[in-house]
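The next block holds one structure in the form of structure tokens; read it before the comments.
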Amino acid sequence: MLDLKYIRENTDTVRKMLTDRQTEADLDKLIDLDTRWRENVTNTQVLRARQNEVSQEIAQLKKEKQDAMETIAKMRDLSQDIKERTAKANKDKVDIDAILLTIPNIPEASTPFGTGEADNIEIKTWGDKPSFDFELKPHWEIAETLDIVDFQRGAKVAGSNFVVFKGLGARLERALIQFMLDLHTTQHGYTEISPPFLANRPAMTGTGQIPKLEADMYRCDRDEENPDTDLFLIPTAEVPVTNLFAGEILSADDLPIYYTAYTPCFRREAGAYGKDTRGLQRIHQFDKVEMVKFTTPETSYAEHETLLENAERVLQVLELPYRVVQHCTVELSFAAAKCYDIEVWAPAGEKFLEVSSCSNFEAFQARRANIRYRPEAGAKPEFIHTLNASGTALPRVVIALLETYQNPDGTVRVPAVLQPYMGGLKLIGFGCDS
RNA sequence: GGUGGGAUGGCUGAGUGGACGAAAGCGGCGGUCUUGAAAACCGUUGUGGCGCAAGUCACCGUGGGUUCGAAUCCUACUCCCACCGCCA
């Protein structure tokens, strides 16, 4: 979230941001509440000071064995008054915080203004789109023919848009996970994390999924009395990994911290029904390797660029052409200040598919999750900056692999870098399931 | 699932309703001493809110309550530890 003080002093900037993002938030109410709250706090404080003072006097009287009944009686009204004012202030503060949680991050200066996907800016392209001298099959057809993905039975056990990877399909998933984790840990300096696949409400709020995207998540273990103990299936490893340091004060020597994690991701895709539902493009459960960085404010934008490089490297090594686009204002996700998408080329569908979102959240998540660091010993704690990028989401990489490396006979070549992870296998053919 | 114990500053750990934002120790920082370091000694050292500031207020797991006054009493909850049962 944004700093309340910042909003107070830069209300116009915040208002413009909301317009640019085409988002609604109750900014006027926030300002009103804030004004009232501060006035109330200031007044109550004076009364409290008086109360503390007299309490000392009472203690003194008692110590001297004098009668304090009269003084105590006088304090009763004051005490009640303070209680009522405090209750009102607390209520306003709760309302203020609730609104604060709905205000998105301010886009970083380089973010282009835009009103739709078309206004995203293509930053670069890598690799040449391959050409073929035979008719390409879409990935779902290849997968079904090779019997490596079962689209029907996934729906039977869980529901539509759940899939089952089978035989070499399952092996391919495992190989990709292993390959990506190895790449990031041995080449890019990340520490591997295997986090919980469920996260509670405060964690979901910390990274910004709640309140805005609550309906997009699977919730289990609901407890009306204790909402903080509600558990959600994670929509991304970003949630448990970023929240690892929630409420902590790190030392400057600890930073930057680079973590990478494989997790399945669960998304209800509420409101996305009927959109790209064929095949592996939009499924409710998918595998992903994520990278998360914790940095100082000074270095976060340099770290953002290397983070992007680390994610790009996955596709480069797999020799899959891609492009990088920068989000425009309206496409930028709630918590992000700046975001690049990496989109892999899917030749059969002749389109680019998003396989990684590479975001700098600046202090937005850190402020929500209260993650701070001490710039130097004895200095005041400051919020750190958090960043993350998929490195990468698997199903769409599988789409690109199947479509790019398909042969006319329906078999699929295994990219060189994955062969060691596939037991030396060079070709996904028919009738071999290991 | 059952029983018992616990939650206090960066860490360990005291704390009888008014002396407690909190003992003591460790650690950190600054200094004295030293060619340098160690040791020793001295000093200093939590977080946040409101306020231009002086200052002031809050915070002892979280939320309620009792009281003129709560780290301390009551209550609900959360988490942690130990043992028993069950289980991958």
Minimum-distance nucleotide (side-chain atoms of [X] versus [options]):
{"X": "K83(A)", "options": "G48(B), C68(B), U67(B)", "value": "U67(B)"}
{"X": "Q45(A)", "options": "C57(B), U47(B), C68(B)", "value": "C57(B)"}
{"X": "M75(A)", "options": "G55(B), C68(B), U47(B)", "value": "C68(B)"}
{"X": "P381(A)", "options": "G48(B), G49(B), U56(B)", "value": "G48(B)"}
{"X": "R8(A)", "options": "C68(B), G48(B), C50(B)", "value": "C50(B)"}
{"X": "K62(A)", "options": "G18(B), U67(B), C50(B)", "value": "G18(B)"}
{"X": "S79(A)", "options": "G46(B), G69(B), C50(B)", "value": "G69(B)"}

Exercise for the section: Would you sort out whether D81(A) and R76(A) count as a salt bridge (Lys or Arg N to Asp or Glu O under 4.0 Å), showing the intermediate values? Expected result: CA-CA 9 Å; D81(A) 189 20; R76(A) 228 160 248 154; over 6 Å; no
Whole angstrom value for the distance that separates [atom2] of [N] from [atom1] of [X]:
{"X": "Y373(A)", "N": "G10(B)", "atom1": "OH", "atom2": "P", "result": "18 Å"}
{"X": "W37(A)", "N": "A58(B)", "atom1": "CH2", "atom2": "P", "result": "15 Å"}
{"X": "R36(A)", "N": "C50(B)", "atom1": "CZ", "atom2": "C1'", "result": "17 Å"}
{"X": "N43(A)", "N": "G55(B)", "atom1": "CG", "atom2": "C1'", "result": "16 Å"}
{"X": "R85(A)", "N": "C50(B)", "atom1": "CZ", "atom2": "P", "result": "19 Å"}
{"X": "I58(A)", "N": "G17(B)", "atom1": "CD1", "atom2": "P", "result": "18 Å"}

Carboxylate-amine/guanidinium contact [X] [Y], below 4.0 Å:
{"X": "D230(A)", "Y": "R201(A)", "value": "yes"}
{"X": "R267(A)", "Y": "E269(A)", "value": "no"}
{"X": "K16(A)", "Y": "D12(A)", "value": "no"}
{"X": "D32(A)", "Y": "R36(A)", "value": "no"}

query: Does any donor atom in the side chain of Y373(A) or E248(A) lie under 3.5 Å from an acceptor atom in the other side chain?
result: no
### Message
Is it true that S300(A) and K293(A) share a donor-acceptor pair across their side chains at a distance under 3.5 Å?
### Response
no
Would you mind classifying the nucleic acid contact of [X] as base, sugar-phosphate or nothing, using non-hydrogen atoms under 4.0 angstrom?
{"X": "Q51(A)", "value": "sugar-phosphate"}
{"X": "N52(A)", "value": "sugar-phosphate"}
{"X": "R50(A)", "value": "nothing"}

Using atom [atom1] in both nucleotides, what's the gap between [N] and [M] to the nearest angstrom?
{"N": "U45(B)", "M": "G6(B)", "atom1": "C1'", "result": "28 Å"}
{"N": "G31(B)", "M": "C79(B)", "atom1": "P", "result": "47 Å"}
{"N": "C26(B)", "M": "G64(B)", "atom1": "C1'", "result": "37 Å"}

May I ask you to verify if any side-chain N or O of [X] is less than 4.0 angstrom from the OP1 or OP2 atom of [N]?
{"X": "K93(A)", "N": "G49(B)", "value": "no"}
{"X": "R48(A)", "N": "U56(B)", "value": "no"}
{"X": "N90(A)", "N": "G63(B)", "value": "no"}
{"X": "R38(A)", "N": "C50(B)", "value": "no"}
{"X": "K5(A)", "N": "G49(B)", "value": "no"}

Given protein heavy atoms under 4.0 Å, the one-letter contact record of nucleotides 70-78 of chain B, with B base, S sugar-phosphate only and - none, is simply -------SS
inquiry  = Just checking Y259(A) against Y190(A), ring centres under 6.0 Å apart?
reply    = no
* Test side-chain hydrogen bond (donor to acceptor under 3.5 Å, both in side chains) applied to D287(A) and Y262(A), step by step -> CA-CA 7 Å; D287(A) 291 312; Y262(A) 153 73; 2.6 Å; yes
